[in-house]
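Here it is, the structure, as structure tokens.
Convention: sequence-line order gives letters A, B, ...; per-chain numbering from 1. All heavy atoms count here, side chains included; hydrogens, waters and symmetry mates do not.
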Protein chains: 2
Amino acid sequence: MTKQFTGTPEEVADLRRADSLAREIFSEVANKWALLIIETLGERTLRFSELRDQVEGISHKMLTQNLRMLERNGLVERTVHPTVPPRVEYTLTEPGRALRATVDGMCAWTQRYLGHIEASRRGFDD
Amino acid sequence: MTKQFTGTPEEVADLRRADSLAREIFSEVANKWALLIIETLGERTLRFSELRDQVEGISHKMLTQNLRMLERNGLVERTVHPTVPPRVEYTLTEPGRALRATVDGMCAWTQRYLGHIEASRRGFDD
DNA sequence: CCGAATCCACAACGATACTG
DNA sequence: CAGTATCGTTGTGGATTCGG
């Protein structure tokens, strides 16, 4: 088990440093499609086509691309059922579920501050 | 005060729905530069040039662009000191600090699972 | 049904130069 | 120093096709 992140300046610096592995991982995962896929998967296991339908606006290509990336990093598990037609299912792994917990936080934040943000936008767009 | 996000299927659906305001905000904020800026600001207030130096790899253009976006959404406050040369400082607002708390969670997650992820990558890249 | 590959339009981005 | 504008390049991402 690795060291805890406590928010010390040195640790924060690690994430800002472009060449650091932590930073590379953060940058790869911190994009809207990946986070939306994680949030959508939740506790369920979904097929490719179900994901494509439920993550609104995502294209076939973006979905496969992000699923490969998440699989490679061990956040989702991909199980192929050798039937015809093929049936491929995706589930969050333990690391994936751990990340989902923090993504839930971002979703909660969005709901919580919807009003603030709308108001701020109106003020900004004179 | 808006309703709490409790993770019910209806609320999750709100974030997947492309036309929803919550979804639009989430998509705008959930990109690596914005999150790295928020994380870097932390509790401090920094000048434009300090931010550019500390968020490694970010270009002048990306920094201004994301700062404008964050300001418009009320996540950062921009204060201009009418000196010469000009001095512009950025600080997180209360909503910004609230989001930072969850970004801290993502950073902690990255540190926590660095090992898992490295191993998973090696396995994937046969 | 799932996924890889190709093509290509268009947005993102970096570099540069110019204002207050 | 901070910010905007312009331009040229890169690369992202959608549409489509083919293959397992």
Side-chain angles (χ1 to χ4, degrees), chain A residues 16 18-19 23-24 26-37 40-41 44-73 75-92 124-126, chain B residues 16 18-19 23-24 26-37 40-41 44-73 75-92 124-126:
Chain A
R16 286 197 308 270
D19 52 56
R23 162 64 175 278
E24 190 233 306
F26 184 92
S27 296
E28 195 167 74
V29 171
N31 80 74
K32 66 172 182 174
W33 289 131
L35 298 183
L36 283 168
I37 289 170
T40 303
L41 269 176
R44 309 174 294 171
T45 119
L46 295 175
R47 303 183 56 172
F48 180 88
S49 47
E50 293 172 326
L51 271 170
R52 193 188 41 209
D53 293 343
Q54 296 192 28
V55 181
E56 202 152 315
I58 199 169
S59 68
H60 188 99
K61 187 182 182 177
M62 283 299 97
L63 184 53
T64 43
Q65 199 166 298
N66 279 277
L67 282 173
R68 283 303 148 272
M69 182 271 284
L70 293 173
E71 186 192 0
R72 182 172 113 91
N73 291 316
L75 304 203
V76 303
E77 191 186 9
R78 175 173 179 269
T79 65
V80 182
H81 297 81
T83 61
V84 45
R87 175 185 191 83
V88 183
E89 297 186 324
Y90 294 91
T91 333
L92 291 183
F124 189 91
D125 309 337
D126 308 310
Chain B
R16 286 197 308 271
D19 52 57
R23 164 62 176 278
E24 190 232 307
F26 184 93
S27 297
E28 196 168 72
V29 171
N31 80 73
K32 65 171 181 173
W33 289 132
L35 298 184
L36 283 169
I37 289 170
T40 302
L41 271 176
R44 309 175 292 170
T45 119
L46 294 176
R47 303 182 57 170
F48 181 87
S49 47
E50 293 172 325
L51 271 171
R52 194 189 38 207
D53 293 343
Q54 296 192 29
V55 181
E56 202 153 314
I58 198 168
S59 68
H60 188 101
K61 188 180 182 179
M62 281 302 96
L63 184 54
T64 43
Q65 199 165 297
N66 278 277
L67 282 172
R68 285 300 150 272
M69 182 272 284
L70 293 172
E71 186 191 1
R72 182 172 113 93
N73 290 316
L75 304 203
V76 303
E77 191 187 7
R78 175 173 178 270
T79 65
V80 182
H81 297 81
T83 62
V84 47
R87 176 183 190 85
V88 183
E89 297 185 323
Y90 294 91
T91 334
L92 291 182
F124 190 89
D125 308 339
D126 309 309

Inset, instruction - Applying side chain to side chain donor-acceptor pair (under 3.5 Å), name anything that partners B:Ser27, two or more places apart in sequence or on another chain. - result: B:Arg23
Legend entry - Integer-rounded Å distance: C:dA4 C1' and A:Leu63 CG: 14 Å
Inset, instruction - Determine the contact category for A:Arg68: base if any of its heavy atoms lies under 4.0 Å from a base atom, sugar-phosphate if only primed atoms, P, OP1 or OP2 are that close, otherwise nothing. - result: sugar-phosphate
Inset, instruction - Check whether any side-chain nitrogen or oxygen of A:Arg78 sits under 4.0 Å from OP1 or OP2 of C:dC2, and answer yes or no. - result: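 For A:Arg78, the contact criterion (side-chain N or O under 4.0 Å from OP1 or OP2 of C:dC2) is not met.
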Legend entry - Pairs flagged by salt bridge (Lys or Arg N to Asp or Glu O under 4.0 Å) wherever residues 44-55 of chain B is involved - sequence neighbours left out: none
Inset, instruction - Report the distance from atom CG of A:Leu67 to atom P of C:dG3, rounded to the nearest whole Å. - result: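 That distance rounds to 7 Å.
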Inset, instruction - Grab the CZ-C1' distance between B:Arg52 and D:dG3 for me, whole Å please. - result: 11 Å
Inset, instruction - Answer with base, sugar-phosphate or nothing: what part of the nucleic acid does B:Arg87 contact at a heavy-atom distance below 4.0 Å? - result: nothing
Inset, instruction - Write down the distance between CE (A:Met69) and C1' (C:dG3), rounded to a whole number of angstrom. - result: 17 Å
Inset, instruction - Any chance you could measure B:Asn31, atom CG, to A:Asn31, atom CG, to the nearest 0.5 Å? - result: 9.0 Å
Legend entry - Atom pair CH2/CD1 of A:Trp33 and A:Ile58 - distance to nearest 0.5 Å: 5.0 Å
Legend entry - Distance, rounded to the nearest Å, where B:Glu50 contributes CD and D:dA2 contributes P: 8 Å
Inset, instruction - For each nucleotide in nucleotides 10-20 of chain C, reading 5' to 3', give B when a protein heavy atom comes within less than 4.0 Å of its base, S when such contact involves only the sugar-phosphate, and - otherwise. - result: ---BB-----B
Inset, instruction - Work out how much the helix from C:dC1-D:dG20 to C:dG20-D:dC1 bends between its end axes, five pairs an end, to the nearest 10 degrees. - result: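 For the helix from C:dC1-D:dG20 to C:dG20-D:dC1, the axes at opposite ends meet at about 40°.
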Inset, instruction - Give the intermediate values and the outcome of side chain to side chain contact (heavy atoms under 4.5 Å, CB included) for residues A:Phe124 and B:Asn73. - result: CA-CA 8 Å; A:Phe124 189 91; B:Asn73 290 316; over 6 Å; no
Legend entry - Nucleotide D:dT12, atom C1' - distance to CD of A:Glu28 in whole Å: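 These atoms are roughly 15 Å apart.
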Inset, instruction - Could you please name the option among D:dA2, C:dC2, D:dC1 that lies closest to any side-chain atom of A:Phe48? - result: C:dC2
Legend entry - Residue-phosphate contact under 4.0 Å: B:Tyr90 side-chain N/O, D:dC1 OP1/OP2: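 For D:dC1, OP1/OP2 do not have a side-chain N/O of B:Tyr90 under 4.0 Å.
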Inset, instruction - Could you list the residues that satisfy side chain to side chain contact (heavy atoms under 4.5 Å, CB included) with B:Ser59, not counting sequence neighbours? - result: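 Per chain and number, B:Ser59 pairs via side chain to side chain contact (heavy atoms under 4.5 Å, CB included) with B:Lys61, B:Met62.
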Do any side-chain atoms of residues 78-86 of chain B form donor-acceptor pairs under 3.5 angstrom with protein atoms, and if so which ones, sequence neighbours left out?
residue	atom	partner	partner atom	Å
B:Arg78	NE	B:Tyr90	OH	3.4
B:His81	ND1	B:Arg87	O	3.2
B:Thr83	OG1	B:Pro85	O	2.9

Inset, instruction - Take the protein atom CZ of A:Arg47 and the nucleotide atom C1' of C:dG3, then report the distance between them rounded to whole Å. - result: 14 Å
Inset, instruction - Rounded to the nearest angstrom, tell me the gap between atom CG in B:Asn66 and atom C1' in D:dG3. - result: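 So the two atoms are 15 Å apart, to the nearest Å.
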Inset, instruction - Ignoring backbone atoms, establish whether B:Ser49 has a side-chain N or O less than 4.0 Å from OP1 or OP2 of D:dA2. - result: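 True: B:Ser49 side-chain N/O within range (under 4.0 Å) of D:dA2 OP1/OP2.
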Inset, instruction - Please tell me if the side chains of B:Thr40 and B:Leu46 come closer than 4.5 Å, counting only heavy atoms from C-beta onward. - result: yes
Inset, instruction - With side chain to side chain contact (heavy atoms under 4.5 Å, CB included) as the test, would you mind laying out the steps for A:Met69 and A:Leu75 before giving the verdict? - result: CA-CA 9 Å; A:Met69 182 271 284; A:Leu75 304 203; over 6 Å; no
